[in-house]
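Shown next, in structure tokens, is the structure this report addresses.
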Amino acid sequence: MRFNTIHQRPARRLAFLLCLISAPTGPALAQAITYAPPSAAVIEDAPPAVRKALQEASALESEPDSANTTHKLWQAAVLYCQASRWGSAEGQYRLGMLYAFGQGVPANPAFAASLFSVAAALGHAQAHQMLDTLEMKSATLPACVNQDQLPEKAPAPPPFWHGLPPDLHPGNGLSIEKYLLTLPSHKRWLIPLTTTMSAWYALDPKLVLSVIAVESNFDTGAQSPKAAMGLMQLIPDTAERFNVRNAYDATQNLRGGMRYLRWLLSYYRGNITYAAAAYNAGEGRVDRYKGVPPFPETRAYVKRVLGLYGSTRHAFDENLTGASPWLVAGGR
């Protein structure tokens, strides 16, 4: 069994949430779910200069994603460098997060580990947890922490929707990481369950969570006027096709939805645009139109899934099923 490489844009800010989605569930995931910008108490307790830097950097990190996101996160890194030089554990931790995930600055696990180590030594609990996650030791700090100079700036990634029709370009800047932070507590148990099951089907949990968000908003009892049921909104034919007896049972529904999504990714050779369109409208219609059908509902659905997930490609098992005939004919 051979899988093609996942092609995905770098993790977004607030990515600590999904960085731990692939880790074992438990305290780490609980901590990830409650991850948030610096609290008012942390900021207010800081000296005035540090407080100002943390406030401005936090505001930059909280802005919606846009074409200018990389520059804004780099500006946040500049401010966190200042706070770090002034001895702020929060500044060191936040700068470490940017280096850990390559946000605004080039990804550098060694810098991240060193910053987390310094912050942890000052009693920063989240920095200590990130050290355990990285499982790496380093004493190399970025130059901007030791002297007054600007950090290196990460190159801006090309838009992941490059080549898509304009009406499929995401427009709200809401990533799945941010979406999950808004989930009420009674729905959050579905995150570790989905994450665990995603691994069984070789699926990126972020993609599955994005589909669930659009399909049902994590409502296990959701039912559409077209009789689609449960978390991943299985219609009766799809439920039967993948041997789902009770589509309102979360585990059964996820199993059926993931098996279908995995099959679609194989059929469309990792193209999430076509797989998402087929999940909504059926592969027959996607094949008939040789792309996303011209239905407003389907095009809006694809746009939302792509916007949350942040990529148009996913790994696939080419041995699961043959490619769509029109893909083969078109050399896609």
Minimum heavy-atom distance Tyr309-Asp204, with the two atoms named | OH-OD2, 2.8 Å
On a heavy-atom basis, the closest approach of Leu60 and Ala76 is CD1-N, 3.7 Å
Side-chain contact, heavy-atom cut-off 4.5 Å: Arg299 with Pro296?
-> no
Apply side chain to side chain contact (heavy atoms under 4.5 Å, CB included) to Pro47 and list each qualifying residue two or more places apart in sequence or on a separate chain.
-> Val50
So, does Arg255 use its side chain to make a donor-acceptor pair with the main chain of Asn243 at under 3.5 Å?
-> yes
Short question: side chain of Gln233, backbone of Gly230 - any donor-acceptor pair under 3.5 Å?
-> yes
Donor-acceptor pair, side chain of Thr194 and main chain of Leu190, under 3.5 angstrom | yes
Sorted by chain and residue number, the side chain to side chain contact (heavy atoms under 4.5 Å, CB included) partners of Ala277 (sequence neighbours excluded) come out as Val286, Val292, Pro293, Thr298, Val302
Between Pro205 and Ser198, which heavy-atom pair has the shortest distance, and what is it?
-> CA-OG, 3.5 Å
With no hydrogens and no angle check, do the side chains of His124 and Gln92 hold a donor and an acceptor under 3.5 Å apart?
-> no
Partner residues of His71 under the ring-ring contact (aromatic ring centres under 6.0 Å, His included) criterion, sequence neighbours left out | Trp74
Quick one: which residue pairs count as a side-chain hydrogen bond (donor to acceptor under 3.5 Å, both in side chains) with a foot in residues 211-230, not counting sequence neighbours?
-> Tyr179-Asn217, Glu215-Tyr301, Gln223-Tyr248
Partner set under side chain to side chain contact (heavy atoms under 4.5 Å, CB included) for Glu283, not counting sequence neighbours = Arg241, Tyr260, Trp263, Leu264, Tyr267, Tyr268, Ala278
Taking side chain as C-beta onward, heavy atoms only, is Thr69 less than 4.5 Å from Gln103?
-> no
Between the NE2 atom in His128 and the OG atom in Ser117, the distance rounded to the nearest 0.5 Å is 9.0 Å
Heavy atoms only: give me the nearest Leu306-Ser311 pair and the separation to one decimal.
-> CD2-O, 3.4 Å
Path from Met232 to Ile235 over hydrophobic side-chain contacts below 4.5 Å = no
Closest non-hydrogen atom pair between Cys144 and Leu150, with its separation = CB-C, 4.4 Å
With distance as the sole test, does Ser62 use its side chain to make a donor-acceptor pair with the main-chain N or O of Ser58 at under 3.5 Å?
-> yes
Pick out which of Tyr99, Phe116, Phe101 makes a ring pair (Phe, Tyr, Trp, His ring centres under 6.0 Å) with Phe111.
-> Tyr99
Going only through I, L, V, M, F, W and Y residues with side-chain contacts under 4.5 Å, is there a path from Phe242 to Met229?
-> no
Classify the side-chain pair Glu90/Ser88 by whether it contains a donor and acceptor separated by less than 3.5 Å.
-> no
Report the distance from atom CG of Leu207 to atom CZ of Arg262, rounding to the nearest 0.5 Å.
-> 13.5 Å
Are any non-hydrogen side-chain atoms of Pro142 and Leu115 less than 4.5 angstrom apart?
-> yes
Check whether any side-chain N or O of Arg188 sits under 3.5 Å from a backbone N or O of Leu183 as a donor-acceptor pair, and report yes or no.
-> yes
Quick one: pull up CG in Leu180 and CD1 in Ile191 and give me the separation to the nearest 0.5 Å.
-> 4.5 Å
Hey, is the main chain of Asp317 close enough, under 3.5 Å, to the side chain of Ser266 for a donor-acceptor pair?
-> yes
Remaining members of hydrophobic cluster (4.5 Å side-chain criterion), Phe295 = Tyr289
How about Leu95 and Cys81: do any of their side-chain heavy atoms sit closer than 4.5 Å?
-> yes
Pairwise distance CG(Leu234) to CZ(Arg259) - rounded to 0.5 angstrom | 11.5 Å
Those residues that, when tested against Ala59, pass side chain to side chain contact (heavy atoms under 4.5 Å, CB included) (two or more places apart) | none
Enclosure of Lys52 NZ (heavy-atom neighbours >12, cutoff 6.0 Å) = no
What pairs with Arg85 under salt bridge (Lys or Arg N to Asp or Glu O under 4.0 Å), at least two apart in sequence or on another chain?
-> Asp148
Looking at residues at least two apart in the chain, or sitting in another chain, which of them share a salt bridge (Lys or Arg N to Asp or Glu O under 4.0 Å) with Asp249?
-> none
Give the cluster check for Leu122 versus Tyr80: same hydrophobic cluster or not, with ILVMFWY residues linked at side-chain heavy-atom distances below 4.5 Å.
-> no
With side chain to side chain contact (heavy atoms under 4.5 Å, CB included) as the test, would you mind laying out the steps for Leu203 and His314 before giving the verdict?
-> CA-CA 8 Å; Leu203 292 170; His314 190 286; 4.0 Å; yes
Considering residues at least two apart in sequence or located in another chain, which fulfil the side-chain hydrogen bond (donor to acceptor under 3.5 Å, both in side chains) criterion with Glu240?
-> none
Under the ring pair (Phe, Tyr, Trp, His ring centres under 6.0 Å) rule, what pairs show up with a residue in residues 137-158, not counting sequence neighbours?
-> none
On a heavy-atom basis, the closest approach of Pro106 and Glu152 is CD-O, 3.4 Å
Minimum side-chain heavy-atom gap Asn271-Thr312 below 4.5 Å = no
Partner residues of Arg285 under the salt bridge (Lys or Arg N to Asp or Glu O under 4.0 Å) criterion, sequence neighbours left out = none
Separation between CZ (Phe218) and OG1 (Thr182), nearest 0.5 Å, reads 9.0 Å
Straight-line distance of Leu308 CG to Ile212 CD1, nearest 0.5 Å | 11.5 Å
Is the shortest side-chain N to carboxylate O distance from Lys303 to Asp167 below 4.0 Å?
-> no
Residues Met97, Gln126; criterion side chain to side chain contact (heavy atoms under 4.5 Å, CB included); working and verdict | CA-CA 10 Å; Met97 291 294 287; Gln126 288 174 303; over 6 Å; no
Using a distance-only test with no angle check, is there a side-chain donor-acceptor pair under 3.5 angstrom linking Ser324 and Trp326?
-> yes
